[in-house]
Amino acid sequence: RDDDIGELSDNLAKLIDLFAGYRLPLNLEVIPGLLTPQCRDFLKKKCGRTKLLEVHQHGFLHKNHGPSMTEKSEYGAQRTGRVVLKELSEGKKILRKAFGASFFEAFSPPWNRMHEAHIGSLKARGFKVLSRSSDEGRGVIFYNKGIYEINVTLDIIEWKKREFIG
């Protein structure tokens with residue numbers, strides 16, 4: 001999966017073309033509240049040419065509401081259920097309208113963190129998959145509060161050092 005998509009960049013275009021050249025699937029984790037018309041149109045065109053691209057929701061604004069800069073989270077315990085439900089609904093509506101059948105009801109929270117209290121909100125809004133880091137271990141798939149949870153299995157960045165490792 002490729003996270004943090006909102007604006008079109010040369011690197012995003014190159015990544016999509018690279019995956020397409022090898023006929024590999026790619027999940028595009030799009031930030032609905034930051035999606036520019038240029039990026040939307042580009043992705044819509046690319047998704048229309050292949051079934052190997054799939055759009056997922058990556059938060060809403062990718063805004064940190066966490067208690068500190070070390071525990072960044074858009075959907076931590078400090079957020080109310082009502083606000084989370086509203087953002088999930090609004091984001092899903094934006095992406096469904098923009099990408100139609102290329103949008104799949106998978107949610108990847110920014111910084112791979114989502115408090116357990118909000119997982120039920122995903123199910124309530126029709127999401128089928130949650131992709132994040134959790135204590136269950138990398139690469140594990142399990143059923144959690146009515147949706148499938150898929151842990152992040154590969155990250156080519158060592159975030160604490162901010163170094164490419166892949």
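Since the model is a prediction, treat every value here as computed from it, not as a measurement.
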With a 4.5 Å limit on heavy-atom distance, are the side chains of Val129 and Phe104 in contact?
-> yes

State whether Glu116 and Arg132 are salt-bridged, where the test is any N-O pair (Lys NZ or Arg NE/NH1/NH2 against Asp/Glu carboxylate O) under 4.0 Å.
-> yes

Does Asp17 CG have over 12 foreign heavy atoms under 6.0 Å away?
-> yes

Single-linkage hydrophobic cluster, 4.5 Å side-chain cutoff, Trp111 and Leu34 together = no

Under a 4.0 Å N-O cut-off, is there an ion pair linking Arg96 with Glu105?
-> yes

Can you tell me if Glu74 uses its side chain to pair, donor with acceptor, with the backbone of His62 under 3.5 Å?
-> yes

Nearest heavy-atom pair of Pro109 and Ser131: which atoms, and what distance?
-> CD-O, 3.2 Å

Side-chain touch Leu35/Leu95, heavy atoms, less than 4.5 angstrom | yes

Please check if the side chain of Ser9 supplies one atom and the backbone of Leu12 the other of a donor-acceptor pair under 3.5 Å.
-> yes

Distance from Arg40 atom CZ to Ile94 atom CD1, nearest 0.5 Å?
-> 10.5 Å

Separation of Leu24 CG from Leu53 CG (nearest 0.5 Å) | 11.0 Å

Gln78 (side chain) donor-acceptor with His65 (main chain) under 3.5 angstrom | yes

Is there side-chain contact between Val30 and Phe103, with heavy atoms separated by less than 4.5 Å?
-> no

Distance in Å, Asp2 CG paired with Ser108 OG, rounded so as to fall on 0.5 Å steps | 10.0 Å

Taking all heavy atoms of Gly59 and all of Pro110, pick out the closest pair and write down the distance.
-> CA-CD, 3.6 Å

Is there a donor-acceptor pair closer than 3.5 Å between any side-chain N or O of Gln57 and the backbone N or O of Lys92?
-> yes

Checking His58 side chain against Ile31 main chain: does a donor-acceptor pair fall under 3.5 Å?
-> no

Below 4.5 Å, heavy atoms only, C-beta onward: do Met114 and Leu122 meet side chain to side chain?
-> yes

Check: Arg113 side chain, Gly76 main-chain N or O, donor-acceptor pair, under 3.5 Å | no

Reported CD-to-OG1 distance for the pair Glu7 and Thr36, which is rounded to 0.5 angstrom | 6.0 Å

According to a 4.5 Å side-chain heavy-atom criterion applied to Ile, Leu, Val, Met, Phe, Trp and Tyr, with indirect links allowed, do Phe127 and Val83 form part of one hydrophobic cluster?
-> no

Within-4.5 Å side-chain heavy-atom neighbours: Arg1 and His56 | no

Beyond-backbone contact of Lys128 with Tyr148, side-chain heavy atoms, under 4.5 angstrom = no

Determine whether more than 12 heavy atoms belonging to other residues, nucleotides or ligands lie under 6.0 Å from atom NZ of Lys97.
-> no

In Å and rounded to the nearest 0.5 Å, what is the CG to CG distance from Leu28 to Leu15?
-> 8.0 Å

Give a yes or no answer on whether the side chain of His115 reaches the backbone of Tyr75 with a donor-acceptor pair at less than 3.5 Å.
-> no

Ring pair (Phe, Tyr, Trp, His ring centres under 6.0 Å) filter on Phe60, not counting sequence neighbours, yields none

Do Ile5 and Leu52 sit in the same hydrophobic cluster, where Ile, Leu, Val, Met, Phe, Trp and Tyr count as joined when their side-chain heavy atoms come under 4.5 Å apart?
-> no

Determine whether Arg125 and Leu85 make a side-chain contact, defined as any pair of heavy atoms from C-beta on separated by less than 4.5 Å.
-> yes

